[in-house]
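What follows is a single structure, written as C-alpha cells, with notes after it.
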Amino acid sequence: EGADRYRASYVTVWNVGGYGIYAEDGEKGVIAHMYVSGAADAAYYIGECKPCRATIAHVVAELSAVGYSGTNSTGVVVRDSLWDHNGVGLLPNTYANEALAPQARTTIVRNTVTSSGLARVPIRTPLAGFIGIGIAVAGGSENTISDNRVRRSERYGVAIFPTARFVVFDPGTPEPGPPWRPRGNRVSRNAVTGSGRADLALASGS
C-alpha cells in the first residue's frame, strides 16, 4: 500500500482467502511473470491510484473469483496474459466507497480470457455479481479493450455497466445516489465467441 516504483515478478500464489497480488495507492508499478490460482477475491488488484502508471503483463490467473480487479484506478495496462476459469476475467470498476473515483483509462490488450464463470471458485468478494463475464467495465470511462480473445464466458464476453454511487443521509445507512455512467470506452478488434447470453453487451445507462 502506498508504494511507488514497485515491481513484483516470478511469484506463485495459490489458495488464499482474499487477494493474490495487491497494490493500492501506488504509482509506476510492474507486475509480471506471475501465477495466481484460487484467490477468493482478485488474483491481481491495482486500485485507488490516479495516475497509476502501472502494468500487468505475462501473468496467469486461474480458478479465482476475479482475475483482475481495478477499483478507481486510472492508467493501468493489462496485457499479454492468460485468465482461465475465473469467476470474472478482468474487471476495472468504480465504487464511491473507495478513494479516487471514478476508474478511467485502463488498457486491456492481447489477453486470452477463457471459461469465465464455468468452474467452482472460492468467492469472498463484493464483485460476485459480475461472475460469468470475461471482460467487464463497471462504472469506468475512457478504457480501451482491444485485440483480446474471449471464449466461452458463462454470461457475457465483454460487457459495460454503470455502477451506483452511495450517499449517506444517516450514519450507517448508505443509499444509492446517481450512478457512475461509463463513457468513452472503446472496444475493438477482439475475438469473442461462445458466450452464454451475448458476446458483447452494453447496459442501459452506459
Side-chain angles (χ1 to χ4, degrees), residues 1-9 11 13 16-32 34 36 38-61 64-79 81 83 86-109 111 113 116 121-131 133-145 159-166 174 177 179-185:
E1 295 193 18
D4 294 335
R5 295 178 177 84
Y6 59 87
R7 182 180 182 93
S9 304
V11 174
V13 179
V16 291
Y19 297 90
I21 305 294
Y22 180 97
E24 180 180 279
D25 187 28
E27 188 175 339
K28 296 181 180 175
V30 176
I31 295 171
M34 300 276 219
V36 178
D41 204 302
Y44 302 89
Y45 175 88
I46 295 176
E48 297 179 62
C49 45
K50 183 181 290 187
C52 302
R53 298 192 181 100
T55 299
I56 296 175
H58 304 291
V59 303
V60 175
S64 297
V66 181
Y68 164 74
S69 171
T71 301
N72 300 351
S73 56
T74 294
V76 176
V77 176
V78 184
R79 64 176 179 85
S81 296
W83 314 87
N86 300 291
V88 189
L90 298 107
L91 181 57
N93 58 85
T94 297
Y95 284 99
N97 60 320
E98 305 288 351
L100 302 176
Q103 182 279 327
R105 295 192 292 281
T106 287
T107 299
I108 297 172
V109 60
N111 295 278
V113 186
S116 299
V121 298
I123 300 172
R124 192 177 301 162
T125 173
L127 301 174
F130 295 98
I131 283 177
I133 302 173
I135 301 174
V137 173
S141 296
E142 300 177 28
N143 298 289
T144 299
I145 300 169
I160 298 175
F161 301 88
T163 55
R165 302 176 192 239
F166 284 86
W180 294 105
R181 297 188 184 278
R183 58 178 176 75
N185 295 289

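Only this structure's heavy atoms are used, side chains among them; waters, hydrogens and symmetry mates stay out.
For the pair Pro92 and Tyr68, the tightest heavy-atom approach, listed with the atom from each and the gap, is N-CE2, 4.4 Å. Across Pro102 and Gly139, no two heavy atoms sit closer than the pair CB-O, 4.4 Å. Nearest heavy atom pair, residue Thr55 against residue Arg79, reads CG2-NE, 4.1 Å. The nearest pair of heavy atoms linking Ser116 to Gly134 is OG-CA, 3.5 Å. The heavy-atom pair separating Ala65 from Ala40 by the smallest distance is CB-O, 3.2 Å. Contact detail for Ala138 and Leu91: the closest heavy-atom pair is CB-CD1, 4.2 Å.
For Asn111 (side chain) and Trp83 (main-chain N/O), no donor-acceptor pair under 3.5 Å exists by modelled atom type. Using a distance-only test at 3.5 Å, with no hydrogens or angles considered, no donor-acceptor pair links the side chain of Asp41 to the main chain of Tyr19. A donor-acceptor pair under 3.5 Å is formed between the side chain of Asn72 and the backbone N or O of Glu98. Between the side chain of Ser64 and the backbone N or O of Gly38, at least one donor-acceptor pair lies under 3.5 Å. Proximity of a side-chain donor or acceptor of Tyr44 to a complementary backbone N or O of Val60 within less than 3.5 Å is detected. The backbone N or O of Ala61 lies less than 3.5 Å from a partner atom in the side chain of Asn86, making a donor-acceptor pair. Panel note: side chain Thr163, backbone Thr94; a donor-acceptor pair is recorded below 3.5 Å.
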From CA spacing to verdict: side-chain contact (heavy atoms from CB on, under 4.5 Å), Met34, His58: CA-CA 7 Å; Met34 300 276 219; His58 304 291; over 6 Å; no

Criterion side chain to side chain donor-acceptor pair (under 3.5 Å) on Asn93 and Thr71, from CA distance to verdict: CA-CA 5 Å; Asn93 58 85; Thr71 301; 2.7 Å; yes

Audit row: Ile145, Leu90, side-chain contact (heavy atoms from CB on, under 4.5 Å) steps and yes/no: CA-CA 10 Å; Ile145 300 169; Leu90 298 107; over 6 Å; no

side-chain contact (heavy atoms from CB on, under 4.5 Å) between Val109 and Thr144, worked out: CA-CA 8 Å; Val109 60; Thr144 299; over 6 Å; no

Glu142 vs Arg183, salt bridge (charged side-chain N to carboxylate O under 4.0 Å, His left out): CA-CA, chis, key distance, verdict: CA-CA 6 Å; Glu142 300 177 28; Arg183 58 178 176 75; 3.1 Å; yes

Residue pair Ile46, Ile56: steps toward the side-chain contact (heavy atoms from CB on, under 4.5 Å) verdict: CA-CA 9 Å; Ile46 295 176; Ile56 296 175; 3.8 Å; yes

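The distance from the CG atom of Asp4 to the CG atom of Asp25 is 8.0 Å, given to the nearest 0.5 Å.
Looking at Lys50, Arg53, Glu48 one by one, the single match for side chain to side chain contact (heavy atoms under 4.5 Å, CB included) with Thr74 turns out to be Lys50.
Partners of Phe130 under the ring-ring contact (aromatic ring centres under 6.0 Å, His included) rule, at least two apart in sequence or in another chain, are Phe161.
Side-chain contact check for Asn143 versus Ile108: every heavy-atom pair is 4.5 Å or farther apart. Looking only at side-chain heavy atoms (C-beta outward), Val88 and Leu127 stay at 4.5 Å or farther from each other. Between Pro51 and Glu27 there is a side-chain heavy-atom pair separated by less than 4.5 Å.
For Tyr45 and Tyr22, the ring centers sit closer than 6.0 Å to each other.
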